[in-house]
Amino acid sequence: RALAPISATASASRLADAVVDASRRREAAGLHRRCRDERTEAYRVMHGVAEGIPGVTVDKYGSTLFVQSWRNPVERGELLELCDAVRADGIDGIGAVDRVWLHPRSTDALRWDDDDPRRSAPTDAMQSPAWVGVYDLSAETYDGLRPSYAGKRLDDDALGFVFEELGVKYRFVPPRRFGDPSLFLDFRATRRWIHRRIRSMKSHGDVDGDVDGDVDGDV
């Protein structure tokens, strides 16, 4: 089902507005319901280039929103607004979220260009680049400005967690610097076809074993 056009109220420069608007349209189109019915907790919440924020995507893995930036840094104020929207349950249909993970995909996403006026903004200003890391929204120390986990702590496997896609459990492994989270969401149609094919083969006695979601994998 096709999504409705982007709302005129969605800001072309504010990340939280774009995420809220995109999620509202996906909820109305029934995409979130389909994910719930398929026992899928990993999907794209906001595709930047198609929804007014080029170079930025927001995905959901389990109870984590995974924000990736390729071209420019995410402003500190924009990330704070996104965290506030999550805490206020202002993002339709995505369920519980307790962490926001900011992950740059290039050095361009770490600092402003030399000719960008925001380059001279004070380090504590809302226009300065947001600190890269994991923002634990449930932590007592959460203030929306400083990540709970940053730097070398992002390499800690303890930050990993389990989520489901099509009823199959995966463990999210912290990605390497500038790296991909490894489970390519665009390939879900292929994984869905394989899942159905295996079920069909099982119903005809062509395969043995359980295909009901007990296979684990790391991503």
Side-chain angles (χ1 to χ4, degrees), residues 1-6 18-51 55-70 86 89 91-103 105-106 134 154-219:
R1 179 177 175 181
L3 295 177
I6 297 175
V19 171
V20 168
D21 191 71
S23 187
R24 183 180 298 121
R25 292 184 301 114
R26 284 163 171 75
E27 177 71 6
L31 300 182
H32 292 155
R33 181 181 301 110
R34 181 180 185 181
C35 286
R36 290 190 294 268
D37 291 344
E38 291 184 329
R39 292 169 57 192
T40 289
E41 302 173 313
Y43 49 84
R44 179 137 295 172
V45 176
M46 193 276 295
H47 194 301
V49 70
E51 292 167 308
V56 178
T57 61
V58 179
D59 300 320
K60 184 173 187 284
Y61 291 92
S63 60
T64 295
L65 277 190
F66 194 71
V67 181
Q68 300 181 85
S69 179
W70 279 261
V86 171
D89 295 327
I91 305 178
D92 291 346
I94 66 171
V97 172
D98 55 28
R99 298 195 300 186
V100 174
W101 191 317
L102 177 59
H103 180 65
R105 296 298 302 273
S106 70
V134 178
L154 293 176
D155 296 329
D156 190 348
D157 286 342
L159 283 177
F161 53 89
V162 175
F163 66 92
E164 283 189 308
E165 187 204 55
L166 302 176
V168 177
K169 295 179 181 179
Y170 296 88
R171 180 170 177 79
F172 186 97
V173 176
R176 60 180 176 80
R177 191 169 189 251
F178 303 142
D180 196 279
S182 299
L183 185 70
F184 293 95
L185 301 182
D186 291 344
F187 291 171
R188 176 170 300 132
T190 300
R191 292 190 291 271
R192 184 182 290 116
W193 181 88
I194 292 172
H195 199 70
R196 290 173 176 169
R197 179 64 175 166
I198 292 175
R199 286 186 178 277
S200 175
M201 293 171 65
K202 183 181 178 183
S203 68
H204 290 85
D206 295 332
V207 296
D208 296 323
D210 180 23
V211 292
D212 291 329
D214 293 332
V215 179
D216 293 338
D218 287 342
V219 298

| message | In the structure I gave you, are the side-chain heavy atoms of Tyr43 and Ile94 within less than 4.5 Å of one another anywhere? | response | yes
For [X], side-chain contact (heavy atoms from CB on, under 4.5 Å) partners two or more places apart:
| X | answer |
| --- | --- |
| Asp157 | Val173, Pro174 |
| Ser63 | Asp98 |
| Val20 | Arg24, Ala85, Ile91 |
| Thr57 | Arg44, Asp59, Gln68, Trp70 |

| Arg197: salt bridge (charged side-chain N to carboxylate O under 4.0 Å, His left out) partners, not counting sequence neighbours | none
| field | Set of residues satisfying salt bridge (charged side-chain N to carboxylate O under 4.0 Å, His left out) with respect to Asp156, sequence neighbours excluded | value | none
| said: For Glu51 versus Ala22, what's the shortest heavy-atom pair and its separation? | reply: OE2-CB, 3.1 Å
| query | Listed by chain and number, what are the ring pair (Phe, Tyr, Trp, His ring centres under 6.0 Å) partners of Phe184, not counting sequence neighbours? | reply | Phe187
Tell me every residue that passes side chain to side chain donor-acceptor pair (under 3.5 Å) with [X], counting only those two or more places apart in sequence or in another chain.
| X | answer |
| --- | --- |
| His32 | Glu27 |
| Arg191 | Glu165 |
| Arg196 | none |
| Asp155 | none |

| query | What orientation do Tyr170 and Phe163 show, parallel under 30°, tilted 30 to 60°, or perpendicular over 60°? | reply | parallel
| Side-chain ion pair, Arg25 and Asp21, N-O less than 4.0 Å | yes
| query | Are Trp101 and Phe161 near enough that their ring centres are under 6.0 Å apart? | reply | no
